[in-house]
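As structure tokens, the structure follows; a few thoughts come after it.
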Amino acid sequence: MASILQCMACGQQYPINSVMYVCEACGGLLDVEHDLDTLRQTHTRQTFDQRLGSLDHPHKSGVWRFKELVNPDVPDDLIVSFPEGNTNLYHVPRLAAWAGVGSMHLKHEGENPTGSFKDRGMTGGVTQARVLGMSRVACASTGNTSASLAAYAAFSGLEGIVFFQNKQVAMGKLAQSVAYNATAIRIDADFDKNLELVRQVSQDLGIYVLNSINPFRLEGQKTIVFEILQQLRWDVPDWIVVPGGNLGNSSAFGKALSELYKLGWIERIPRVAVIQAEGASPFYEAYLRGFDHLRPQKAETIATAIKIGNPVNYPKAVRTIRATNGVVERVTDQEIMDAKAMIDAHGIGCEPASACSLAGVKKLVGRGIIGSSERVVGVLTGHVLKDPEAVIGYHADTLPNLTGTYANRLYEAGPSVEELARILQRNQEPMLA
Ligand SMILES: *Cc1c(COP(=O)(O)O)cnc(C)c1O
Ligand SMILES: [Zn+2]
């Protein structure tokens with residue numbers, strides 16, 4: 001049986017190659033469903049381990065290595081891949097100690113071709129655009145989706161169209177989209193409004209929408225979890241911790257874990273913790289109310305990648321929390337920036353939203369939800385260079401309402417050996433001993 005599109009609300013099925021983002025019958029979100037019963041008989045997880053280190057298209061991609069669980073029927077020559085994925089999983093005992101857990105790894109998705117995990121979804125989405133014969137692809141974005149869409153569209157000769165909010169887009173992301181030759185439009189509206197606009201305009205003009213409402217993107221993002229498990233030699237951790245904005249990753253992670261469990265390739269399901277910024281935490285608030293329903297918010301946070309008040313993937317993210325016995329937590333901008341300073345000072349680095357993972361682990365340990373002997377994997381979603389203004393602002397202690405708790409002072413000196421010696425002979429404690 002081939003893969004199909006299926007409504008998560010009413011179960012209605014559609015052919016895999018329909019140009020459709022929500023169910024025509026009920027408006028519910030669509031899943032790409034694969035034939036797991038056949039896959040269980042024809043493949044084992046060793047199939048995917050054997051492809052590690054491949055030099056060949058498409059298996060050299062950390063996404064398409066798992067093609068059978070991403071988009072099995074697409075012809076290889078239509079796959080648009082840089083390649084992406086194959087990101088590092090860092091063992092970070094000193095950060096684990098800071099957060100209060102016995103063992104922690106950080107999966108650095110900022111190491112993807114355009115500097116964020118969005119590339120894993122975009123390779124799936126732009127490939128599907130080619131399968132469907134579309135010549136234009138569009139998204140609304142807080143920045144990283146646009147950077148990624150712009151690159152994948154350019155690489156494959158499609159027109160990329162990106163809608164930005166006119167305020168608070170991190171400099172690195174804006175620069176990338178313009179550099180990669182997208183049709184970039186700044187609009188006087190926030191992300192949530194821009195998403196509405198892109199859906200309307202694209203429908204009117206026959207453009208393929210590549211926001212994370214597009215189920216093919218989530219199929220690509222599942223491979224973050226597949227790779228983590230491969231890198232741990234399938235030794236399942238206790239927790240996977242991920243920042244939550246539009247909740248695409250949160251949704252994809254639950255689907256990935258359920259599929260692996262159904263296939264019998266993992267013996268238990270790790271708990272997923274989704275971490276939101278306090279000023280953009282509608283998912284957290286719904287969680288506290290037992291997921292009665294989502295109440296959209298006006299979002300505000302320094303972590304612009306997750307400055308989202310009305311996450312489109314809410315129902316799928318709820319499904320993840322239920323399927324994994326997961327939790328939702330939120331952290332303040334101060335906690336985010338302090339955790340980021342720790343990750344940065346470790347030589348790893350990430351953008352503000354990514355630091356929700358470490359800040360969230362610390363908070364959940366403090367609240368007794370993550371046990372101090374548990375094994376935790378945190379996901380870093382974006383690269384440190386995405387938002388240089390946040391870095392410099394923190395260390396110069398010039399960010400409004402925030403303190404540079406762990407600021408690394410930038411010294412000034414004249415061209416004098418004595419002056420330099422005075423600076424270098426001061427007592428400096430390393431931040432992470
Ligand atoms: C998009 C993005 C997020 C939010 O991910 P969702 O899947 O929308 O929850 C977090 N961090 C970074 C760096 C991002 O680019
Ligand atoms: Zn439906």
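As the structure lists them, so they are numbered: ligands from 1, and atoms in each ligand from 1.
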For ligand 1, which atoms, with element, lie under 4.0 Å from some heavy atom of [X]?
| X | result |
| --- | --- |
| A353 | 11 (N) |
| N249 | 7 (O) |
| G248 | 6 (P), 7 (O), 8 (O), 9 (O) |
| E351 | 13 (C) |
| N246 | 6 (P), 8 (O), 9 (O) |
| K118 | 1 (C), 2 (C), 3 (C), 14 (C), 15 (O) |
| G382 | 13 (C) |
| I306 | 3 (C), 4 (C), 10 (C) |

Rounded to 10°, how big is the angle at the Zn ion (ligand 2) from C23 SG to C10 SG?
110°
If I apply the N/O under 3.5 Å rule, does N144 come out as touching ligand 1?
yes
Taking all heavy atoms of T320 and all of S251, pick out the closest pair and write down the distance.
OG1-O, 3.4 Å
For atom 5 (O) of ligand 1, closest protein heavy-atom neighbour
F117 CZ, 3.4 Å
Top protein contact for atom 12 (C) of ligand 1, by heavy-atom distance
T381 OG1, 3.2 Å
First locate atom CG of N144, then atom CD of E351, and finally report the distance between them rounded to the nearest 0.5 Å.
5.0 Å
Parallel, tilted or perpendicular, as decided by the 30° and 60° cut-offs, for the rings of F66 and F48:
parallel
Side-chain heavy atoms of N71 within contact of E219, under 4.5 Å
no
Would you mind reporting whether L358 and M104 have side-chain heavy atoms less than 4.5 Å apart?
yes
Just by distance, no angles: are the side chains of T87 and E109 close enough, under 3.5 Å, to form a donor-acceptor pair?
yes
Would you tell me whether R199 and N211 have side-chain atoms, one donor and one acceptor, within less than 3.5 Å of each other?
no
Would you say G244 contacts ligand 1, with heavy atoms under 4.0 Å as the rule?
yes
Between the side chains of R51 and E68, is the shortest nitrogen-to-carboxylate-oxygen separation below 4.0 Å, so that they form an ion pair?
yes
Full working for side-chain hydrogen bond (donor to acceptor under 3.5 Å, both in side chains) between N214 and Q128:
CA-CA 10 Å; N214 185 307; Q128 186 61 17; over 6 Å; no
